[in-house]
Amino acid sequence: MSLKKDFVGVLMAKSFEDRDGWIWMNGNFIPWKNATSHIVSQGLHYASAVFEGERAYNGKIFKSEEHTKRFFKSAEIIGIKIPFSEDELNSAKKELIKKMNYKDCYVRPLAWRGGDQMGISTTQSNINVAIAVWDDWASYFKIEDRKAGLKLITSPWKRPAPDTAPYEAKASGPYIICTMSKEFAESKGYHDALMLDYRGYVAEGTGANIFFIKNNDIHTPIPDCFLNGITRQAVIKMATEQGFKITVRHILPDEIQNYDEAFLTGTAAEITPIRSIDNINFTTGDNTTTFKFMRDFSELVNSSN
Ligand code: PMP
């Protein structure tokens, strides 16, 4: 399972700008270091971009087609027309992983408006599409933190209303809310932040969905203003098949103390236990349901290959 993998910390990794290997960009495989974009580009200045986050296990991407579909949907929501087909991108991802000689890796497709037009208007914009893969997010959080569970603090930043930000799109723009929340948490000595939504309900982590457990009952917030993660959906299916009762509902921060366990789900985070949120503690460790789900999920992603 992933917990046994060697850990190379995200922060300790070599700069992403200075690596060897290949990147798929606008239809071609080019050397990693040549995969640059001009600084005067719409995507960089106005966050006119969408991306995906995927993981390959044993050389095969878990739910590759679903991720590609979400990539196209994200692009459509923010008005980007991707000049490739879903099949072309699915093949490009596969070929790139082979070319990089990876078995287990993280996959990052990105589409962004280029420099043909500057400003808010996009009528003359050109669209770039690229895919990069890397193998040093074996564990997104440090392995010792995953084992002990994460410490979360509630962020002062909120998930916005659905008519304020395109919550179903994995669009770069709204990620500044996640980045500011993460910076807030890390500056205070926490691993991650819990974000509430614009109404004050519990929403999610900065890059992952959240679940709570009490005995056989599993509760998770309604994804009505944040991403309905592909991992979240896989975990709900897996837990339901195992006989757990899943309730998707609006959860108030005051209710968090009623649960025994809590965990995050996401492509990068996979399943990661939460040790505490603010001053509320949860049970973690080998005998918990969360650890059982971690083992089961590891089997699931490896056996779908
Ligand atoms: N919420 C946010 C803000 C995320 O960045 C992610 C990671 N993509 C998720 C939830 C979980 O989504 P998924 O399981 O599809 O990776």
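When a residue number appears, it is its place in the shown sequence, counting from 1. Predicted, not measured: the structure shown is a model, and the values here were computed from it. Numbering of ligands and ligand atoms starts at 1, following listing order. The figures here come from the full heavy-atom set of this structure, side chains too, leaving out hydrogens, waters and symmetry mates.
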Distance-only N or O hit between ligand 1 and H67, under 3.5 Å: no

Derivation and outcome, side chain to side chain contact (heavy atoms under 4.5 Å, CB included), residues Y46 and M118: CA-CA 9 Å; Y46 303 100; M118 220 28 207; 4.0 Å; yes

N228 to ligand 1, any heavy atom closer than 4.0 Å: no

Heavy-atom check, side chain of F293 versus side chain of T288, under 4.5 Å: no

Heavy atom of E54, distance to ligand 1 below 4.0 Å: no

Geometric N/O contact T265 with ligand 1, under 3.5 angstrom: no

Test item, G53 contacting ligand 1 (heavy atom, 4.0 angstrom): no

Carboxylate-amine/guanidinium contact K33 D20, below 4.0 Å: yes

Salt bridge (charged side-chain N to carboxylate O under 4.0 Å, His left out) partners of residues 271-285, not counting sequence neighbours, each pair once: none

Within reach of ligand 1, part of A208 (heavy-atom separation under 4.0 Å): backbone

Nearest neighbour of atom 13 (P) of ligand 1 from the list I210, L264, I230, on a heavy-atom basis: I230

Proximity winner for atom 7 (C) of ligand 1, if only heavy atoms of G266, G205, G207 are counted: G207

Pair K69 + E65: basic N to acidic O under 4.0 Å: no

Shortest reach to atom 4 (C) of ligand 1 by a heavy atom, considering only Y167, Y175, F62: Y175

Polar contact flag for T267 and ligand 1 (N/O pairs, less than 3.5 Å): yes

Side chains of H250 and D224, donor plus acceptor under 3.5 Å: yes

Test item: side-chain donor near acceptor, K93 and T68, under 3.5 Å: yes

Close N or O approach (K170, ligand 1; < 3.5 Å): yes

